Amino acid sequence: LLAVTPANFQEQLDVIKRRYRPMSLQQLIQSIEEKRITPYSVAVTFDDGYRDNLLYGKPVLEQYAIPATVFITCGYVGKQDALWWDELEDIFLGRRKLPPSLHLALGGDSLQWQLEEAAASSEMLTHSIGWNILDPKDPTPRHKIYRYLVQALRRLPTEQRDSMLSDLRLWAGSEPNASENNRVLSPQEIVSLTNGGLLDVGSHTLTHPVLAVLSKESQQREIRDSKVCLEEIVGRAIASFAYPYGTRADYTRETSALVKASGYQCACSNYRDIVWSRSNTFQLPRVLVRNWNGELFEKRMEEWFHG
Ligand SMILES: [Zn+2]
């Protein structure tokens, strides 16, 4: 659900180039501040900072000369660790054989699941093809546990989330390492990404928490330290921020105030709307693009602009 194939991405950029006015996030912010947004403006952003943004995204963006901003989860930079949701997916939906039962203490609750035949891997492969979390049915207990834990881990403060993941890793006999495409960009790769000036980077916190559940001090650390970390890598000021997950339940007014006070010029949310000249530049709406071909993408764009 988070990835677009290079071929579809190319078709999507082709639609943007033909029918819309691509601009950088900074240009869009400037036009909001001046209260004169050019009709059909589009700013492209990527969240999380996956390495494939450099490998497959940048060449196509350059081909079309379309600017973009990549929001990086800075705590993962320079590490081999998979982003936590990718690790959870690897544990439960990968081809690994798992123990027949799972016991976990989560908050005050003691949870217990039986995996039954689904503990064996061969069954899993056929069940997982084409399945995603938007599918209301869980074909096996592994899918059911995965669905439960994605929701539960998302709301945990980072330390508890990481300790839960490390328990699961021990239980499954798995490694935290990401595949080469799935890991977050390294410092040198961030520099390569921004070389040429078409792509910019922004912060997506250190550890990708739901900021709304953290103390003011922890939020501040996530917001400020990630800015400092990126500034050391690219050698200039970082102006933009994207709230992890980004729905209105994932951050608070206090969060937005902290982002502003930390010296950012704008912040992107993740609720569906287009940008207006009255839009709050510290809660910019965004639309989520799925793995659609050009035709489907063009249709969605029309709906977003005119629906
Ligand atoms: Zn994210």
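In this text, all values refer to a predicted model and were calculated from it rather than measured experimentally. Just so you know, residue 1 is the first one in the sequence shown, and it goes up from there. Just follow the structure's listing: the first ligand is 1, and inside any ligand the first atom is 1.
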Worksheet item: Should the ring pair W85 and Y245 be called parallel, tilted or perpendicular, given that the plane angle runs from 0 to 90° and is split at 30 and 60?
Response: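 Taking Y245 first and then W85, their aromatic rings stand perpendicular (interplane angle over 60°).
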
Fill in: Pairs touching residues 172-186 that satisfy salt bridge (charged side-chain N to carboxylate O under 4.0 Å, His left out), sequence neighbours left out
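Every pair satisfying salt bridge (charged side-chain N to carboxylate O under 4.0 Å, His left out) with a residue in residues 172-186: R51-E180, E180-R183, R183-E189.
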
Item to complete: Determine the minimum heavy-atom distance between S174 and E87, stating which atoms define it.
Response: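 Scanning both residues, the minimum pair turns out to be OG-OE2, 4.5 Å.
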
Practice prompt. Report yes or no: is the cationic atom of K227 (NZ for Lys, CZ for Arg) closer than 6.0 Å to the six-membered ring centre of F241, at no more than 45° off its axis?
Written response: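 Relative to the ring axis of F241, which defines the angle, K227 lies outside at least one limit.
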
Worksheet item: Around the Zn ion (ligand 1), how many protein N/O/S atoms fall inside 2.8 Å?
Response: 3

Fill in: Qualifying side-chain hydrogen bond (donor to acceptor under 3.5 Å, both in side chains) pairs with a residue from residues 213-223, counting only residues at least two apart or across chains
T207-E222, S215-S218, Q219-E254, Q219-T255

Under 3.5 Å, which donor-acceptor pairs link side chains of residues 298-307 to any protein atom two or more places apart or in another chain?
{"unit_1": "E298", "atom_1": "OE2", "unit_2": "R19", "atom_2": "NH1", "d": "2.6"}
{"unit_1": "E302", "atom_1": "OE2", "unit_2": "R19", "atom_2": "NH1", "d": "3.0"}
{"unit_1": "E302", "atom_1": "OE2", "unit_2": "R19", "atom_2": "NH2", "d": "3.4"}

